[in-house]
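By convention in this document, chain letters (A, B, ...) are assigned in the order of the sequence lines, proteins followed by strands, and residues within each chain are numbered from 1. Heavy-atom basis, side chains included; hydrogens, waters and symmetry copies ignored.
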Amino acid sequence: FPVVPEKEKEEMQFAKKYLENFYDFKEEKSSLLKRKNLNPMADKIREMQSFFGLEVTGELNHKTLAMMKQPRCGMPDIRS
Amino acid sequence: YSTFPLSPKWKKEDVTYRILNYTPDMLQADVEEAIAKAFQLWSSVTPLRFTRVYSGQADIMISFASGFHGDFYPFDGPGGTLAHAYPPGSNIGGDAHFDEDENWTKFTTYNGYSLFLVAAHELGHSLGLGHSNVLGALMYPIYMARDTRDYKLPQDDIDGIQALYGRPKEPPALPTKAFPPQEPTEMTPAEATTEMPPRKEPTETTPSKAPVRPQDCDPHLSFDAITTLRGETLFFKGSYVWRKSPYFSDIEHDTISSFWPSLVAGFDAAYEVDKRDRVLFFKDNHYWAVSGYSIEPGFPKPIQNLGFPTSVRKIDAAVHDENTKKTYFFVGNKYWSFNENTQSMERGYPRKIASDFHGIGHTVDAALQKNGLFYFFHGANQYEVDIKSKKLIRKMKSNSWFNC
């Protein structure tokens, strides 16, 4: 079911952990040498949505979150 | 299908495995059978032969563990991650770990995960396969409950494993059978497809018009209860629920137990108080409160707690008016008004439905408040009613919400 607003932060943390575990998501540390990706998490969400055949939006929408909450294998879907 | 980087695989055809410990959820013999059948899936389509050893180091060490268990990937309690396995290699390579915090079953049931299916998937990793993005493939990363009777390895998995090891030297004499026929009480194939409810077919994007199934468009379709839930609308009938959501265009048809396993299906009435993120379900003289998938503690409670006299044994329908914060309960040819702010029944009730809602001259099976209007359902018909004037606007078929 859709999330209520106060749960959004919690859901975002959950999604971040999911992407770290299964999509090799790493929070980018600021670096003067590297060009900044403004929204690395959106890129990883896109990658995950693409893998599962979801509509690729880069947004943590209902369907994407629902997919993340499914019981699953602990191996990553992609590797660096 | 996919393989791991550099495509690691066993360089021999005889691969050993050892079961290090057992889950208390199942008989040891059933664990052994599930694991053996899982190996058999892969050996039937490759030249690989699997031999069980009982001591020492095996190529594939199989174990059950909770939380942190000696590798860098701790398990996470019930749900979430069910198991993991390592690609072919020495030491931990090839090993398969199963989360002991899950409830493991030999076959697919409502209350657990099929060890056979999960083991078959994990052993795919142990042999060198990564995750497949093909829905229905065994190596798809999401657990999908399915009927394991006569289970055959999907073609995508056969293609993957044969890309690593080739075909079997001799074709198998008989098709591999996963398990002997199940007891009929275990789970029907139809039930097996509904165990993981909120999941949508991931290959669907957003069709312009929802597919409509014949049963949804039965002109005689009636409902037991209807409610909104976080912007979605749920239509209940017997053990089933139709789910209409603004977030996806098709209508889902699921079992009620797939959302709330511990609730007894066959609701009489339901309504949402959206400001409290709470839905109340009524069955006979009891009611339950849920928030999303969670059932609030302390329920069920008797409906008399809401102010009904003991002569009221069940509620026919309920609907909440979010503007006035009043909930109307329909019982026979009368209705009651409940003030959600004061949590008390209003004085002067019950009143006759027909007296106040002009044009509604019968009992109400189910009621819904949507887009500023009330919808009262009676048999195969529904009646659109203006909330303020309580006047009938129009009459429609009950299934008009299903894009028929």
Side-chain angles (χ1 to χ4, degrees), chain A residues 1-27 29 39-80, chain B residues 2 4-5 73-76 78-87 97-99 102 113 118 121-122 124-125 129-135 139-145 196-206 229-232 234 243 245-248 259 274 277 279 290-293:
Chain A
F1 297 117
V3 290
V4 287
E6 56 264 34
K7 287 189 181 164
E8 275 180 9
K9 196 176 172 186
E10 195 181 305
E11 303 285 24
M12 192 58 82
Q13 283 302 315
F14 169 82
K16 194 177 128 190
K17 192 75 188 162
Y18 183 96
L19 296 170
E20 283 172 358
N21 286 343
F22 304 117
Y23 284 84
D24 196 36
F25 171 62
K26 295 180 183 75
E27 266 192 305
K29 303 283 182 280
N39 199 345
M41 189 160 165
D43 288 347
K44 285 294 172 187
I45 290 173
R46 279 189 202 95
E47 206 171 337
M48 180 255 175
Q49 290 168 329
S50 173
F51 182 90
F52 285 107
L54 298 168
E55 189 181 2
V56 178
T57 62
E59 289 168 5
L60 189 61
N61 54 27
H62 161 73
K63 276 192 168 183
T64 306
L65 200 54
M67 183 63 83
M68 288 178 173
K69 289 186 173 176
Q70 297 305 308
R72 59 162 292 151
C73 171
M75 299 296 284
D77 297 333
I78 63 112
R79 285 168 186 80
S80 58
Chain B
S2 75
F4 293 98
Y73 301 98
F75 285 130
D76 55 358
T81 297
L82 307 181
H84 57 223
Y86 292 86
H97 301 162
F98 297 85
D99 187 352
E102 313 302 341
Y113 297 106
V118 177
H121 174 102
E122 297 308 329
H125 291 316
L129 288 179
H131 281 153
S132 168
N133 63 358
V134 175
L135 179 67
M139 295 312 293
Y140 191 73
I142 305 288
Y143 177 83
M144 296 174 72
M196 291 292 131
R199 163 165 214 294
K200 299 292 301 156
E201 293 293 312
T203 48
E204 287 175 14
T205 50
T206 312
L229 199 169
R230 298 183 182 170
E232 301 188 2
L234 304 177
R243 179 182 185 186
S245 172
Y247 305 101
F248 41 87
F259 293 140
D274 61 335
D277 186 33
V279 171
V290 308
S291 179
Y293 297 105

Discussion item. Does the plane of the ring in B:Tyr140 sit parallel, tilted or perpendicular to the ring in A:Phe52? Use 30° and 60° as the thresholds.
Written reply: perpendicular
Worksheet item: Where is the tightest heavy-atom contact between B:Thr81 and A:Phe22, given as atom of each residue plus distance?
Response: OG1-CZ, 3.8 Å
Item to complete: Identify which part of B:Phe4 has an atom lying under 4.5 Å from any heavy atom of chain A, answering side chain, backbone, both or neither.
Response: side chain
Worksheet item: Which region of B:Glu122, side chain (C-beta onward) or backbone (N, CA, C, O), has a non-hydrogen atom less than 4.5 Å from a non-hydrogen atom of chain A, or is it both or neither?
Response: side chain
Worksheet entry | Option that, when pairs with chain A are counted at under 4.5 Å, heavy atom only, ranks first among B:Gly79, B:Ser2, B:Gly80 | B:Gly80
Worksheet item: Who among B:Pro78, B:Ser291, B:Gly130, B:Ala85 has the most heavy-atom pairs with chain A under 4.5 Å?
Response: B:Ala85
Item to complete: Kindly compute the distance separating CG (B:Asp76) from NZ (A:Lys17), expressed to the nearest 0.5 Å.
Response: 10.5 Å
Worksheet entry | Shortest non-hydrogen separation from A:Pro76 to B:His131 and the atoms involved | O-ND1, 3.4 Å
Worksheet item: So B:His121 and A:Arg72, side chain to side chain contact (heavy atoms under 4.5 Å, CB included) or not? Walk me through it.
Response: CA-CA 10 Å; B:His121 174 102; A:Arg72 59 162 292 151; over 6 Å; no
Item to complete: Show your reasoning for whether side chain to side chain contact (heavy atoms under 4.5 Å, CB included) applies to A:Cys73 and B:Met139.
Response: CA-CA 9 Å; A:Cys73 171; B:Met139 295 312 293; over 6 Å; no
Discussion item. I need the A:Met75 CE to B:His125 NE2 distance, nearest 0.5 Å.
Written reply: 5.5 Å
